[in-house]
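Side chains are part of it too, since the values below use all heavy atoms of this structure and drop only hydrogens, waters and symmetry mates. Within every chain, numbering begins at 1; the chains are lettered A, B, ... in the order of the sequence lines, protein sequences first and strands thereafter.
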Protein chains: 2
Amino acid sequence: MTTSRPGERGDLLDPLCPVRQLLDRIGTKWTSMVVKVLAEEAPDEIRFAELRRRIPGISQKMLSVTLQSLVRDGLVARRVEPTVPPAVHYRLTELGLSLEGPLSALRDWAETHMPEIDRSNQLADEPAPVLSPLGEH
Amino acid sequence: MTTSRPGERGDLLDPLCPVRQLLDRIGTKWTSMVVKVLAEEAPDEIRFAELRRRIPGISQKMLSVTLQSLVRDGLVARRVEPTVPPAVHYRLTELGLSLEGPLSALRDWAETHMPEIDRSNQLADEPAPVLSPLGEH
DNA sequence: CAGGATCCATTACGATACTG
DNA sequence: CAGTATCGTAATGGATCCTG
């Protein structure tokens, strides 16, 4: 997301507190939604195409790279059935499941309070309020 | 972060679930750390320079834009003492404080489990393991 | 089916210099 | 002191085309 990862160079002086590292992973555009679907709608396993269907707007490529990242981080397990064509199944690992707690807490907060944040932004966008509105008749 | 904000165009078709919107804000590089310092080390208010001192590595500019974003979102309040030179104080709003709960839960998870994620990545980096290690003597 | 490879637009971030 | 302005770079994400 914001701190480098592919380059792997340049973050030599970063504090890199753990939460920052974590946000660099789950903060990418589709990750939180992929985890959510895996947690809430995939009791057992789910296939690539089915997962994609449940995430409106995600492209094949983005789902692919998002899943690869999650697999690499050990949050998601990938199982290939060597048929032709292949069938690939994904599920949360125990580690991934353990993340669901804090993550759903954040989701709840967001659902409750994002409207307030939106309102705050709207206020900031409006032209500066007139102190004594004499100009209006 | 990942979904547009300045452009404000192009996200016409995004699902934009609340948690995504939230992560776009708190997921930027310095935001979580600024909130943390405000929550844990600034019982009342804290000034710009003092805040900066508590966040090693942040530049003047990045602290500035991060704070502006937080103020605009209504998570942080800004108070200016009109002296010369000016003294500007920041503190979390109630909304910002209410975010601290979920956020610290995420922090705790990160401190506990990031090492596992790191190990998982190291495993992924190593050359593929030999199935029957006969080549080693 | 489940990706990989390319190309391209936008953005986030950093470094530096300047100001009321 | 607390910013703003400008510039350059790297990286994210989208669209499109190709394949075992």
Side-chain angles (χ1 to χ4, degrees), chain A residues 1-16 20 23-34 45-53 55-72 76 78-90, chain B residues 1-16 20 23-34 45-53 55-72 76 78-90:
Chain A
M1 167 181 346
T2 150
T3 299
S4 61
R5 270 241 280 167
E8 214 74 24
R9 302 278 171 280
D11 42 22
L12 307 168
L13 21 124
D14 261 273
L16 281 199
R20 262 284 58 237
L23 286 172
D24 273 353
R25 293 151 199 275
I26 64 169
T28 56
K29 184 157 187 181
W30 300 102
T31 306
S32 63
M33 198 166 304
V34 169
E45 292 185 315
I46 190 172
R47 295 185 59 179
F48 187 91
E50 177 62 19
L51 186 50
R52 187 176 172 202
R53 241 167 275 131
I55 304 176
I58 195 170
S59 71
Q60 218 171 23
K61 172 192 167 186
M62 288 317 294
L63 180 56
S64 182
V65 308
T66 303
L67 283 169
Q68 282 171 20
S69 213
L70 286 167
V71 168
R72 186 187 162 87
V76 165
R78 185 184 123 120
R79 183 175 67 83
V80 185
E81 275 180 54
T83 55
V84 281
V88 185
H89 299 77
Y90 294 92
Chain B
M1 169 184 342
T2 146
T3 299
S4 60
R5 271 237 281 165
E8 214 73 20
R9 300 279 171 282
D11 43 21
L12 308 168
L13 21 125
D14 261 273
L16 281 201
R20 262 288 55 240
L23 286 171
D24 272 353
R25 292 149 201 274
I26 64 170
T28 57
K29 184 158 186 180
W30 299 103
T31 306
S32 63
M33 199 167 302
V34 169
E45 292 185 315
I46 189 172
R47 294 185 58 182
F48 186 91
E50 176 62 20
L51 186 51
R52 185 177 173 199
R53 241 168 274 130
I55 304 176
I58 196 170
S59 70
Q60 217 172 24
K61 172 193 167 184
M62 287 317 293
L63 181 55
S64 182
V65 308
T66 302
L67 283 170
Q68 282 171 21
S69 212
L70 286 167
V71 168
R72 186 187 162 87
V76 165
R78 184 186 124 118
R79 184 176 65 84
V80 186
E81 276 179 53
T83 56
V84 282
V88 185
H89 300 76
Y90 294 92

Here's a test of your reading of the structure: between Ser59(A) and Pro85(A), which maps to the more 5' nucleotide of DNA chain D? Ser59(A)
Can you tell me the distance, in whole Å, between the CD1 atom of Ile46(B) and the P atom of dC1(D)? 14 Å
Output the rounded distance in Å from CD1 (Ile58(A)) to P (dT16(D)). 17 Å
Atom-to-atom span, CE of Met62(A) to P of dG4(C) - whole angstrom: 13 Å
Contacts of type side-chain contact (heavy atoms from CB on, under 4.5 Å), residue Thr31(A), not counting sequence neighbours: Ile26(A), Thr28(A), Val35(A), Thr66(A), Leu70(A)
Roughly, in whole Å, what's the span from CD1 in Ile55(A) to C1' in dG14(D)? 16 Å
Have a look at the helix from dC1(C)-dG20(D) to dG20(C)-dC1(D) and give the angle its two end axes make, five pairs each, rounded to 10 degrees. 50°
Nearest-Å distance for atom pair CZ/C1', residues Arg79(A) and dC1(C): 15 Å
List for me each residue that meets side-chain contact (heavy atoms from CB on, under 4.5 Å) alongside Gln68(A), sequence neighbours excluded, and say none if there are none. Ser64(A)
To the nearest 0.5 Å, tell me how far Leu51(A) CG sits from Tyr90(A) OH. 8.5 Å
In whole Å, what is the span from the NZ atom of Lys29(B) to the P atom of dA10(D)? 14 Å
State the CG-NZ distance between Leu23(A) and Lys29(B), to the nearest 0.5 angstrom. 13.0 Å
Set of residues satisfying salt bridge (charged side-chain N to carboxylate O under 4.0 Å, His left out) with respect to Glu50(B), sequence neighbours excluded: Arg53(B), Arg54(B)
Could you pull out the protein-nucleic contacts involving nucleotides 2-5 of chain D (nitrogen or oxygen on both sides, under 3.5 Å)?
{"residue": "dA2(D)", "atom": "OP1", "partner": "Arg47(B)", "partner atom": "NE", "Å": "2.9"}
{"residue": "dA2(D)", "atom": "OP1", "partner": "Arg47(B)", "partner atom": "NH2", "Å": "3.0"}
{"residue": "dA2(D)", "atom": "OP1", "partner": "Val88(B)", "partner atom": "N", "Å": "3.3"}
{"residue": "dA2(D)", "atom": "OP2", "partner": "Ala49(B)", "partner atom": "N", "Å": "2.9"}
{"residue": "dA2(D)", "atom": "N7", "partner": "Gln60(B)", "partner atom": "NE2", "Å": "3.3"}
{"residue": "dG3(D)", "atom": "OP1", "partner": "Arg78(B)", "partner atom": "NH1", "Å": "2.3"}
{"residue": "dG3(D)", "atom": "OP2", "partner": "Tyr90(B)", "partner atom": "OH", "Å": "2.4"}
{"residue": "dG3(D)", "atom": "N7", "partner": "Gln60(B)", "partner atom": "OE1", "Å": "3.2"}
{"residue": "dG3(D)", "atom": "N7", "partner": "Gln60(B)", "partner atom": "NE2", "Å": "3.0"}
{"residue": "dG3(D)", "atom": "O6", "partner": "Gln60(B)", "partner atom": "OE1", "Å": "2.9"}
{"residue": "dT4(D)", "atom": "OP1", "partner": "Gln68(B)", "partner atom": "NE2", "Å": "3.4"}
{"residue": "dT4(D)", "atom": "OP2", "partner": "Ser64(B)", "partner atom": "OG", "Å": "3.1"}
{"residue": "dT4(D)", "atom": "OP2", "partner": "Gln68(B)", "partner atom": "NE2", "Å": "2.6"}

Between CH2 of Trp30(B) and C1' of dT11(C) the distance, given in whole Å, is 18 Å
Restricting to non-hydrogen atoms, name the atom on His89(A) and the atom on Ala87(A) that form the minimum distance, rounded to 0.1 Å. ND1-O, 3.8 Å
Gap separating the OG atom of Ser59(A) from the CH2 atom of Trp30(A), nearest 0.5 angstrom: 7.5 Å
Partners passing salt bridge (charged side-chain N to carboxylate O under 4.0 Å, His left out) against Arg78(B) (at least two apart in sequence or in another chain): none
Taking only residues at least two apart or on different chains, which pairs with a member in residues 80-89 of chain B satisfy salt bridge (charged side-chain N to carboxylate O under 4.0 Å, His left out)? Arg79(B)-Glu81(B)
Taking atom C1' of dA12(C) as reference, at what distance in whole Å does atom CG of Leu23(A) sit? 15 Å
